[in-house]
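Structure record follows, encoded as structure tokens.
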Amino acid sequence: MSRPIPIEEMVRLFKSRHTTSHLFKIDNFSLLKKHGVEKVESSVFDLAGHKWTLSVYPNGHKSAKGTHVSIFLMNQVSVNVLLTYELFVVSQLERKWHTHGRDEFDTNPEPATEGFLRFISFADLERKGFLIGDCCMFGVKFYGIEPANPGTAECFSLIEKPLNHKVTWMMSKFSSFNPGKAHQSNEFVVGTRKWRIKVHPRGYNEEKDKSFSVYLSAEGFVKNAPNTKTYARFKLRVLDQVSWNHAERAGTEWFDAEPEQSGFADFMPLEKLDEPYLVKDKLYVGVEFEVISTTNYC
């Protein structure tokens, strides 16, 4: 199946026609299942005078796992009025969408979730033109509110081996680094996010004076990118400078929109922090991103 118009034009027209909606476009949809990503969450968006997120479970949630895509709407701040909304997935063949109809989001002072476990079957998603070119478009529309101009949209994608996916930090004059403090690399960009490698030369927390601790730290975002959660599957390494038998540990993390780190306090025992890793007072610490998520406005 092929689309009658380019996807970019489809998104533009949808936003102009549905001004009280938010579109959540997901590219490389098959990679979510391949890498076992259970849930994809949109950035926080403003509609109907409130803040929201959409969550999509590509392989289904709870009793729908393995048969249907699940989708949910969650308020991020208290809702003080009754709001009518509709969740949907957009056809890429004709001007229609799949929906379970309109529903009401009740007043709630706390974050609450509304949605459908069995929103659409895998078979219907592929057979009826909702998934084309490994891309699908979910969303929410509110009724009885002042229209935006136009509606809003974002694009989420998983990327394997992204640009600049291998970064190495050369720690020259390693003996000059204060062993009791944390040290971090210069900032670098992978995907739409800024990152640093962080180390504790003599260990962190319960591994103090026992291990060399290594972390990947998610920092800010590139210009105009939504501040939202970032998925990363990565390997942290201390390089073997003699035989290239590197010490490495693998990690998988959904990094919060706020700065957050993930890694290993017990990355390697302190007694191993010598040749072949530490040579002529130089240590090389690296990270390789195997998969990363990106989110952009579209």
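Quick note: numbers below take in every heavy atom, side chains included, and nothing from hydrogens, waters or symmetry partners.
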Practice prompt. Indicate the atoms forming the closest heavy-atom contact of V69 with F122, along with that distance.
Written response: N-CE2, 3.6 Å

Discussion item. Treating H22 as the side-chain partner and G139 as the backbone partner, does any N or O pair qualify as donor plus acceptor under 3.5 Å?
Written reply: no

Discussion item. Exactly one of L131, I7, V89, I132 should register a side chain to side chain contact (heavy atoms under 4.5 Å, CB included) with M137. Which one does?
Written reply: I7

Worksheet item: Quick one: do the S157 and N28 side chains pair a donor with an acceptor below 3.5 Å?
Response: yes

Worksheet item: Does E110 offer a backbone N or O that forms a donor-acceptor pair with the side chain of N75 under 3.5 Å?
Response: yes

Worksheet entry | Closest non-hydrogen atom pair, F72 against F116 | CE2-N, 3.8 Å

Worksheet item: Between CD of E187 and OG of S217, what distance do you get to the nearest 0.5 Å?
Response: 9.0 Å

Worksheet item: Is a donor on one side and an acceptor on the other found under 3.5 Å between the side chain of N164 and the backbone of V189?
Response: yes

Worksheet item: Atom NZ in K51, atom OG in S43: separation rounded to 0.5 Å?
Response: 10.5 Å

Worksheet item: Do the side chains of L283 and F212 get nearer than 4.5 Å, heavy atoms only?
Response: yes

Practice prompt. Please tell me if the side chains of S42 and F138 come closer than 4.5 Å, counting only heavy atoms from C-beta onward.
Written response: no

Worksheet item: Is a donor on one side and an acceptor on the other found under 3.5 Å between the side chain of E260 and the backbone of D256?
Response: yes

Worksheet item: So H100 and H98, would you call those rings parallel, tilted or perpendicular, with 30° and 60° as cut-offs?
Response: perpendicular

Discussion item. Do the side chains of K235 and E248 get close enough for a salt bridge, i.e. N-O under 4.0 angstrom?
Written reply: yes

Worksheet item: Okay, side chain of S213, backbone of A265: is any donor-acceptor separation there less than 3.5 Å?
Response: yes

Item to complete: Please confirm whether the backbone N or O of D266 pairs with a side-chain atom of R249, one donor and one acceptor, at under 3.5 Å?
Response: yes

Fill in: Exercise: do H35 and E290 side chains pair donor with acceptor under 3.5 Å
no

Worksheet item: Is it the case that more than 12 heavy atoms not belonging to L163 sit under 6.0 Å from its CG atom?
Response: no

Worksheet entry | Check: T53 side chain, E41 main-chain N or O, donor-acceptor pair, under 3.5 Å | no

Fill in: Validation row: V291, L31 side chains within 4.5 angstrom (heavy atoms)
no

Fill in: N/O donor-acceptor pair under 3.5 Å between W52 side chain and L73 backbone
no

Discussion item. Donor-acceptor pair, distance only, cut-off 3.5 Å: does the side chain of T99 make one with the backbone of L87?
Written reply: yes

Discussion item. What's the separation between atom CZ in F174 and atom NZ in K282, rounded to the nearest 0.5 Å?
Written reply: 14.5 Å

Item to complete: Would you confirm whether the ring centroid of W169 sits within less than 6.0 angstrom of the ring centroid of H183?
Response: no

Fill in: Any F267 side-chain heavy atom under 4.5 Å of V199 side chain
no

Item to complete: Mind checking the CZ-NZ spacing from F255 to K229? Nearest 0.5 Å is all I need.
Response: 13.0 Å

Discussion item. What I want to check is whether the side chains of R237 and T168 have a donor and an acceptor closer together than 3.5 Å.
Written reply: no

Discussion item. Using 0.5 Å steps for rounding, measure from the OG1 atom of T228 to the CG atom of N296.
Written reply: 11.5 Å

Discussion item. Applying a strict under-4.5 Å side-chain criterion to I, L, V, M, F, W and Y, I'd like to know whether Y143 and L23 cluster together.
Written reply: yes

Worksheet, complete the sentence: When rounded to the nearest 0.5 Å, the distance separating CZ of R202 from CG of L270 is 5.0 Å

Worksheet item: Is there a donor-acceptor contact under 3.5 Å from the side chain of S70 to the main chain of L117?
Response: yes

Worksheet item: Can you tell if the side chain of E288 reaches within under 4.5 Å of the side chain of K161, non-hydrogen atoms only?
Response: yes

Practice prompt. Check whether any side-chain heavy atom of E38 lies under 4.5 Å from a side-chain heavy atom of H61, and answer yes or no.
Written response: yes

Worksheet item: Do Y297 and P226 have side chains that get closer than 4.5 Å, going by heavy atoms?
Response: yes

Worksheet item: Are the side chains of W244 and L239 in touch, meaning some heavy atoms are under 4.5 Å apart?
Response: yes

Fill in: Smallest separation among heavy atoms of R118 and A64, with atom names
CG-CB, 3.8 Å

Worksheet item: Below 6.0 angstrom between ring centroids: does that apply to W195 and F234?
Response: no

Discussion item. Whether D281 and K173 form a salt bridge (side-chain N of Lys/Arg under 4.0 Å from carboxylate O of Asp/Glu) is what I want to check.
Written reply: no

Worksheet item: Mind checking whether I197 and F177 sit in one hydrophobic cluster, side chains of I, L, V, M, F, W, Y counted as touching below 4.5 Å?
Response: yes

Item to complete: Measure the acute angle between the ring planes of H18 and W97, then classify it against the limits of 30° and 60° as parallel, tilted or perpendicular.
Response: tilted

Worksheet, complete the sentence: Looking only at heavy atoms, the pair that brings V81 and H50 closest together is CG2-CE1, 4.1 Å

Worksheet item: If you look at every heavy atom in R196 and S185, which pair is closest and at what distance?
Response: NH1-O, 2.9 Å

Item to complete: Could you check F14, F119, F142, F24 and say which one makes a ring pair (Phe, Tyr, Trp, His ring centres under 6.0 Å) with F88?
Response: F14

